[in-house]
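Okay, so here's the structure we're looking at.
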Amino acid sequence: MAALSKSIPHNCYEIGHTWHPSCGVSFLHITGVALEESLKIYVPLYLIAAILRKRKLDYYLHKLLPEILQSASFLTANGALYMAFFCILRKILGKFYLWSPGFGAALPASYVAILIERKSRRGLLTIYMANLVLLFCITAAMYMFFFRCKDGLKGFTFSALRFIVGKEEIPTHSYSPETAYTKVEQKTKKQEKPRRMNVISLVRKLVDSVCKHGPRHRCCKHYEDNCISYCIKGFIRMFSVGYLIQCCLRIPSAFRHLFTQPSRLLSLFYNKENFQLGAFLGSFVSIYKGTSCFLRWVRNLDDELHAIIAGFLAGVSMMFYKSTTISMYLASKLVETMYFKGIEAGKVPYFPHADSIIYSISTAICFQAAVMEVQTLRPSYWKFLLRLTKGKFAVMNRKPLDVFGTGASKHFQDFIPRLDPRYTTVTPELPIKFS
């Protein structure tokens with residue numbers, strides 16, 4: 001409690017925007033750099049999502065740009081409004097307290113910012129968990145179970161899973177082996193038509209002969225392939241998708257060095273992260289499909305409960321691409337899905353704006369750590385903050401904040417801001433002469 005009552009008399013220029021004494025100019029600086037970085041993040045993200053979802057031309061002409069700008073505005077506002085409330089709070093309070101430069105400024109900024117974002121993207125945020133792979137296994141198991149259940153998942157989540165695991169795993173109810181056999185016969189008859197004998201058709205014929213002549217359970221809906229080739233094809237397909245996605249994400253940075261360091265273009269194709277993402281997606285799909293086929297063989301039926309086991313085992317694929325961001329995002333969306341299902345069933349009360357409130361509090365806690373205890377913040381999130389502000393977050397004057405006992409300047413011992421004494425309330429540690 002003693003730390004909460006402590007305060008320092010420094011103004012917002014001395015602590016926050018040390019690169020310029022004006023609050024307005026500093027706000028515009030942060031807005032500009034945050035908007036630039038936000039567009040770099042969301043433009044490729046939305047383009048890739050649109051391609052994967054097979055959007056029509058009308059979406060690209062009328063909806064793509066507004067959605068990009070809306071999400072970019074949300075992220076820009078999160079950074080810019082933090083700077084604004086940082087200064088506003090200092091002017092209102094007249095000094096800085098333990099909570100004000102981090103949590104106090106970030107809470108209202110985050111809440112206003114999240115209201116700008118589309119409601120469908122306001123996922124509930126959750127606390128960090130130690131065992132990343134286990135978390136992903138559990139999350140994947142529940143996702144795949146809901147995917148297989150009738151009306152379990154809707155919208156983008158269902159479309160994304162259908163793209164990843166294939167339409168063969170789309171939930172089908174009252175599905176008997178006899179029905180499957182009849183559909184196979186009908187599909188085979190439809191495909192019996194003459195083909196031109198060229199190199200492509202010969203290769204296709206060879207692949208078909210390998211795929212069709214092999215074991216396939218009558219409950220399996222991959223009519224053209226046996227179970228083994230079905231899993232192999234799934235791995236190759238999603239490995240290619242993961243590889244290409246990572247390549248696309250690296251294109252902007254690679255082309256910046258096109259003329260100065262042309263050899264760096266090779267890293268666009270031979271980067272370890274490209275293969276890691278490919279291995280993650282490919283192994284997830286192949287393990288899920290392989291386990292599903294195995295369970296159909298063992299139990300002689302196609303059951304939604306198979307998805308829990310198959311999804312859990314497929315979650316081990318996270319070992320190839322250990323991403324806290326992916327794991328935590330999917331876990332948060334799972335919590336959101338289960339929460340709204342509980343509301344629909346009348347089991348859980350509805351709290352208006354619960355997602356926005358939780359997001360604001362979670363973000364404010366992270367900003368508090370970024371100001372007062374950087375050493376406790378997840379490194380990837382700290383790098384994200386530096387990227388969003390082009391390093392401005394690192395030039396905060398944290399030495400005066402050490403009075404609160406959090407070790408704020410622990411990783412910034414050698415940094416001393418070049419402050420203009422004409423705009424300071426406390427004499428700078430190393431005053432600089434200004435002409």
Side-chain angles (χ1 to χ4, degrees), residues 10-47 64-93 96 100-119 121-122 125 252-253 256 356 359-372 374 377 380-398 401 412 415 417-420 423-424:
H10 301 68
N11 60 34
C12 48
Y13 165 53
E14 294 171 276
I15 301 296
H17 46 88
T18 59
W19 64 91
H20 199 283
S22 171
C23 297
V25 173
S26 301
F27 170 78
L28 293 177
H29 281 169
I30 294 295
T31 303
V33 298
L35 178 60
E36 179 185 346
E37 289 302 319
S38 299
L39 290 173
K40 288 180 181 178
I41 292 171
Y42 282 111
V43 168
L45 183 66
Y46 272 87
L47 281 173
L64 178 61
L65 183 59
E67 288 184 2
I68 291 175
L69 292 178
Q70 187 172 4
S71 291
S73 298
F74 146 70
L75 195 55
T76 302
N78 222 146
L81 290 178
Y82 169 74
M83 189 79 269
F85 282 106
F86 183 94
C87 297
I88 292 171
L89 206 56
R90 166 60 181 80
K91 293 183 185 300
I92 292 174
L93 299 175
F96 282 112
S100 59
F103 188 90
L107 184 63
S110 302
Y111 186 78
V112 174
I114 195 63
L115 296 180
I116 298 174
E117 181 60 287
R118 288 185 297 137
K119 191 170 180 60
R121 288 179 55 85
R122 301 175 195 172
L125 301 178
S253 60
R256 282 203 298 266
S356 300
Y359 170 82
S360 304
I361 295 173
S362 302
T363 305
I365 291 172
C366 289
F367 270 68
Q368 177 73 8
V371 174
M372 292 293 185
V374 175
L377 197 65
S380 59
Y381 191 76
W382 174 241
K383 289 180 181 178
F384 169 73
L385 289 178
L386 292 180
R387 177 185 176 186
L388 187 63
T389 61
K390 284 199 173 178
K392 293 289 193 295
F393 224 112
V395 296
M396 292 183 70
N397 186 13
R398 289 174 169 82
L401 301 177
F412 305 91
F415 173 71
R418 298 169 60 88
L419 300 174
D420 186 341
Y423 302 98
T424 60

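Heavy atoms only: backbone and side chains are in, while hydrogens, waters and symmetry mates are out.
Partners of F96 according to the ring pair (Phe, Tyr, Trp, His ring centres under 6.0 Å) rule, which considers only residues two or more places apart in sequence or in another chain, are F86. With sequence neighbours excluded, no residue forms a salt bridge (Lys or Arg N to Asp or Glu O under 4.0 Å) with K383. Not counting sequence neighbours, the partners of T76 by the side chain to side chain contact (heavy atoms under 4.5 Å, CB included) test are T31, A34, L35, S38. Taking I41 as the reference, L75, F384, R387 meet the side chain to side chain contact (heavy atoms under 4.5 Å, CB included) condition, with sequence neighbours excluded. F103 pairs by the side chain to side chain contact (heavy atoms under 4.5 Å, CB included) definition with L107, A364, I365, Q368, not counting sequence neighbours. Scored by the side chain to side chain contact (heavy atoms under 4.5 Å, CB included) test, P108 finds F85 as partners (sequence neighbours excluded). Here E67 pairs with Y59 under the side-chain hydrogen bond (donor to acceptor under 3.5 Å, both in side chains) rule; sequence neighbours left out. H10 is linked by a side-chain hydrogen bond (donor to acceptor under 3.5 Å, both in side chains) to nothing, counting only residues two or more places apart in sequence or in another chain. For the side-chain hydrogen bond (donor to acceptor under 3.5 Å, both in side chains) test, residues two or more places apart in sequence or in another chain that qualify with N11 are E14.
Put simply, CG on L45 and NZ on K40 are 16.0 Å apart, with the number rounded to the nearest 0.5 Å. In this structure, CG on L39 lies 8.0 Å from CD1 on I68, to the nearest 0.5 angstrom. Going from atom OH of Y13 over to atom CG of L419 covers 4.5 Å, rounded to the nearest 0.5 Å. For the atom pair C12 SG and K91 NZ, the distance stands at 5.0 Å (nearest 0.5 Å). Put simply, CH2 on W19 and CE on M396 are 8.5 Å apart, with the number rounded to the nearest 0.5 Å. Note that the CZ atom of F27 and the CG atom of L81 stand 6.0 Å from one another [nearest 0.5 Å].
V374 approaches F412 most closely through the heavy-atom pair CG2-CE1, 3.7 Å. Closest of all the heavy-atom pairs between I116 and Q70 is O-NE2, 2.9 Å. Taking each heavy atom of A106 and F367 in turn, the nearest pair found is CB-CB, 3.4 Å.
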Between T424 and D420, is a side chain to side chain contact (heavy atoms under 4.5 Å, CB included) present by the stated rule, with each step listed?
CA-CA 7 Å; T424 60; D420 186 341; over 6 Å; no

Before you tell me yes or no, could you show the steps for L377 and L385 under side chain to side chain contact (heavy atoms under 4.5 Å, CB included), namely the whole-Å CA-CA distance, both residues' side-chain angles and the distance that decides it to 0.1 Å?
CA-CA 11 Å; L377 197 65; L385 289 178; 4.2 Å; yes

What do the steps show when you test V33 against H29 for side chain to side chain contact (heavy atoms under 4.5 Å, CB included), and what is the final call?
CA-CA 6 Å; V33 298; H29 281 169; 5.9 Å; no

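A heavy-atom distance below 4.5 Å is found between the side chains of E36 and K390. Put simply, the side chain of P101 reaches to within 4.5 Å of the side chain of M372, judged on heavy atoms.
Remark: the backbone N or O of N397 is not paired with any side-chain donor or acceptor of T18 at under 3.5 angstrom. In this structure, the side chain of R398 engages the main chain of V371 through a donor-acceptor pair within 3.5 Å. Although no hydrogens or angles enter the test, the distance criterion places no donor-acceptor pair under 3.5 Å between the side chain of Y381 and the main chain of A370.
Between Y82 and F393, the ring planes lie parallel to each other; the angle is under 30°, not in the 30° to 60° tilted range.
Contacts classified as salt bridge (charged side-chain N to carboxylate O under 4.0 Å, His left out) and involving residues 78-87 (residues at least two apart or in different chains) are not found. For residues 100-115, every residue pair satisfying the side-chain hydrogen bond (donor to acceptor under 3.5 Å, both in side chains) rule, not counting sequence neighbours, is listed here: N78-S110.
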